[in-house]
Amino acid sequence: MAHLCLFSLLVLSLVLETQALTPTHHLTTTDVARLQAVLSQPFTDLKSAYYSVVGLSKLGIFVADADETCRFINSNLDPSSVESLFYAAEASQALSGCEIPVSNDTRDLLLATVSEDSTASQIHQSVSALSALGLPLASQEVVSALKARISKEDNVLAIILALQTASRLSQQAELGEILEEIEDLAARLDDLGGVYLQFEEGLEATALFVSAAYSLSDHVDMEPPLKEDQVIQLVNSIFSKKSWDSLSEAFSVASAAASLSNNRFHVPVIVSAQGPAAVSHSHPFLQLQVTDVLCQPLSSASVLVESASAVASKSAILNQAPFTLRDGVFELNFMASQPASGYYQFSVAITGDSRFVANHVELKVKVSTRVAINNMDLSVVDKDQSIGPKTTRVEYPTKAKASFMADSHQNFAMTFQLVDETTGVELTPHQTFVRLHNQKTGQEVVFVAEPDSKNLYKFELDTAERKTEFDSISGTYALYLMVGDATLENPILWNVADVVLKFLDEEAPGTIQAKTLYVPKPEIQHLFREPEKKPPTVVSNAFTALVLSPFLLLLILWFKLGANISNFTLSPSTILFHIGHAAMLGLMYVYWTHLNMFQTLKYLAIIGSLTFLAGNRMLAQKAVKRIAAEQSSRLAKYRSLR
Amino acid sequence: MSNSVISVISRFLEEYASSTPNKLKVIDAYLLYIMMTGALQFLYCLLVGTFPFNSFLSGFISCVGSFILAVCLRIQINPQNKGEFLSISPERAFADFLFAHTVLHLVVINFIG
């Protein structure tokens with residue numbers, strides 16, 4: 001029983017782990033600046049003034065000249081239009097010290113708009129204007145009007161406006177039913193690939209939904225029914241677009257960002273490494289930026305590495321190590337744990353506030369190092385090993401003074417070790433090449449040096465065996481060692497020595513041709529199928545005549561045997577039978593020239609059945625005649641015997 | 001040795017000429033014709049080549065098939081075999097012969113191309 005519980009817990013934790021999303025799209029500081037720039041454009045009318053002023057206030061920025069804007073709003077206000085009043089009221093509330101004169105008529109107009117007959121948008125505008133202007137309103141009336149409108153207009157935007165309106169009403173009103181609309185709307189979101197969650201109406205609707213849902217939830221102090229993964233998917237959808245088509249779109253993104261960075265329930269956390277996530281001895285600190293969706297640093301966060309393990313060996317290096325906050329950036333001295341070079345998988349947790357969402361992040365960190373070459377030994381070994389090898393040691397980055405001679409009786413050998421400069425640990429980088437370059441002809445041959453079990457690199461050049469790679473061209477070759485890897489900070493290209501190779505001269509080609517790999521190939525001519533060779537017409541005609549000649553022979557033989565048609569009775573069945581039979585033979589010919597099998601079978605069925613019936617009758621008559629003749633002959637024989 | 005072969009053959013021919021009914025001789029002449037036609041087709045194929053192979057096959061099979069059907073007819077019509085074919089009258093044998101030929105010719109014409 002305990003085992004079952006444990007197993008199910010393990011499975012559940014694995015499942016949860018794989019489902020934990022982190023935002024793939026978020027606004028960077030340049031994006032936020034661009035958003036501010038869009039919203040700061042000079043406004044042309046009251047609507048754009050509303051978007052600019054209120055949008056910027058959501059981002060925490062206040063308009064430069066508030067008085068100028070206030071005058072603009074007042075001069076463009078149309079007191080007889082609810083929409084105009086809404087824009088003016090909201091904008092003036094965002095500006096400090098801006099007053100809109102309100103008359104009794106204005107107030108009555110706004111109050112009268114709150115009814116079941118106005119659209120949800122009109123109710124939203126009038127309620128917002130009333131609350132922004134500080135005028136009293138009857139919350140319960142609004143609630144009933146909203147409920148009626150929601151059931152009549154079932155579209156997404158109307159319900160979002162209803163949510164937004166409800167967040168302006170008093171907390172004593174019965175907002176329960178409207179609160180349930182959040183869940184219904186969340187069910188209408190489209191899940192795209194598990195990464196994005198958005199309305200089919202578009203980005204603006206999704207962003208407005210987020211800001212309305214959170215403002216209503218904050219107002220009634222009840223957590224919105226959105227799961228953490230859904231919140232992250234909404235973040236991905238809203239912040240994937242980095243340039244906005246219209247002022248209203250930019251406004252909706254700004255209000256969504258403001259509500260996601262500052263609400264009572266869910267605050268998505270954005271974690272990004274500053275620069276590449278790589279550490280080395282010269283840069284030992286891993287630096288992370290931990291912000292909210294508006295790129296503002298989170299003051300109450302504390303960042304912790306839950307576990308860090310090497311990708312290759314899966315051995316854990318760190319466990320529960322905290323990051324320190326310095327100048328708004330969280331850093332950790334990873335090199336202090338003396339990790340070997342390679343890639344490490346970090347699992348980072350951000351704690352400090354219960355509202356944080358997506359606060360477990362997986363990071364891949366690279367540890368780079370510098371490589372040093374030790375014990376580079378070059379030698380020329382005789383194949384029959386009669387003469388002992390002469391080993392020359394070369395130090396990086398100098399070049400060997402004497403050049404090495406190798407002909408077909410000798411092998412040229414090279415051994416070396418690659419170690420980490422600081423720790424002395426042996427390394428096996430991805431690329432260890434030995435390049436031989438003939439300076440006169442420009443030829444270049446590259447070989448791979450392989451490490452043995454003790455991580456000692458060996459390279460052997462057997463002159464006789466490798467002559468095809470060199471095209472048997474003798475001469476002086478410059479020997480280079482190339483070492484490279486993603487985790488090496490100092491890739492090496494080292495001219496180690498000069499090697500003089502001698503091949504048997506008669507095998508060398510006269511001229512050296514550059515390898516032509518990428519020239520046009522010879523064109524392939526399509527060979528159409530040649531018709532079969534037919535014999536000359538004379539031969540075929542001769543043989544046709546020859547094959548038909550036995551028929552004459554047959555006729556002659558039959559004549560000689562005395563075959564005749566004297567028994568031919570002219571009864572209708574006989575005639576019909578013969579006609580039918582001739583027709584069948586004619587049908588065969590027509591089949592050969594014109595028809596297909598199905599048509600032939602059809603005609604054959606008709607003609608055949610007629611022929612069969614006629615033939616049956618004819619043969620029956622013949623049978624009767626034959627039996628009668630036999631009987632009479634038997635009778636005659638019997639009589640003669642008596 | 002050759003003397004006895006010649007005497008056997010001449011004896012056989014005599015017996016054949018005298019004791020075989022005329023009807024069977026007619027069928028035998030037909031058989032000879034079919035065989036010669038088939039042989040000549042085969043000779044053409046050997047000499048000139050199998051170019052329209054399907055045509056050669058269909059012609060040759062037609063000869064072979066006709067030969068076989070005619071042999072069957074001859075066996076069934078032969079009065080000496082009456083004991084073995086009590087239920088099949090000569091007319092019935094001839095009707096079967098015609099029907100089988102229809103099917104054979106259908107196939108041959110289909111294949112001749």
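Note: hydrogens, waters and symmetry copies are ignored here, and every other heavy atom, side chains too, is used.
Proximity to chain B (any heavy atom under 4.5 Å) is shown, for A:Leu546, by both the backbone and the side chain. Contact of A:Phe559 with chain B is not made at all, since no heavy-atom distance falls under 4.5 Å. Heavy atoms closer than 4.5 Å to chain B are found in the side chain of A:Leu601, but not in its backbone. In this structure, the portion of B:Asn22 lying under 4.5 Å from any heavy atom of chain A is its side chain and not its backbone. For B:Val48, the part lying near chain A is the side chain, with the backbone staying farther off; criterion is any non-hydrogen pair under 4.5 Å. Interface remark: A:Leu548 contributes no atoms to any contact with chain B (heavy atom separation under 4.5 Å).
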Audit row: A:Val539, B:Leu47, side-chain contact (heavy atoms from CB on, under 4.5 Å) steps and yes/no: CA-CA 10 Å; A:Val539 176; B:Leu47 287 180; over 6 Å; no

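Heavy-atom contacts from other residues, nucleotides or ligands closer than 6.0 Å to CZ of B:Phe99 number 12 or fewer. The 12-atom threshold is not exceeded at CD of B:Gln80, counting heavy atoms of other residues, nucleotides or ligands nearer than 6.0 Å. In A:Arg617, the CZ atom is not crowded: 12 or fewer heavy atoms of neighbouring residues, nucleotides or ligands sit closer than 6.0 Å. Environment of CG in A:Leu641: crowded, with over 12 heavy atoms of neighbouring residues, nucleotides or ligands closer than 6.0 Å. Environment of CZ in A:Phe612: sparse, with no more than 12 heavy atoms of neighbouring residues, nucleotides or ligands closer than 6.0 Å. Within 6.0 Å of NZ in B:Lys25 there are more than 12 heavy atoms belonging to other residues, nucleotides or ligands. Atom CZ of B:Phe94 sits in a sparse spot, with 12 or fewer heavy atoms from other residues, nucleotides or ligands closer than 6.0 Å. Counting non-hydrogen atoms of other residues, nucleotides and ligands closer than 6.0 Å to CZ of B:Phe51 gives a total above 12.
The two atoms that bring A:Met597 and B:Asn110 nearest to each other are CE-ND2, 3.8 Å, heavy atoms only.
We find the OG1-CZ distance between B:Thr37 and A:Phe551 to be 10.0 Å, quoted to the nearest 0.5 Å. Here B:Leu43 contributes atom CG and A:Phe543 contributes atom CZ; the two are 5.0 Å apart, rounded to the nearest 0.5 Å. A:Leu585 contributes atom CG, which lies 6.5 Å from atom NE2 of B:His105 (distance to the nearest 0.5 angstrom). The OG1 atom of A:Thr600 sits 9.5 Å away from the CD1 atom of B:Ile109 when rounded to the nearest 0.5 Å. How far CG of A:Asn616 is from CD of B:Glu91: 11.0 Å, rounded to the nearest 0.5 Å. Summarising the geometry, atom CE belonging to A:Met588 is positioned 12.5 Å from atom NE2 belonging to B:His101; distances are rounded to the nearest 0.5 Å.
Per-residue heavy-atom pair counts under 4.5 Å with chain A were compared for B:Gly49, B:Ala95, B:Ser89, B:Pro90, and the maximum is reached by B:Pro90. Of all the listed residues (A:Leu554, A:Leu604, A:Leu557), the one sharing the greatest number of non-hydrogen pairs under 4.5 Å with chain B is A:Leu554. When each of B:Leu98, B:Ile112, B:Asp28, B:Leu40 is checked for heavy-atom pairs under 4.5 Å with chain A, B:Leu40 comes out on top.
Looking at heavy atoms from C-beta onward, B:Tyr44 lies out of side-chain contact with A:Val547 at the 4.5 angstrom threshold.
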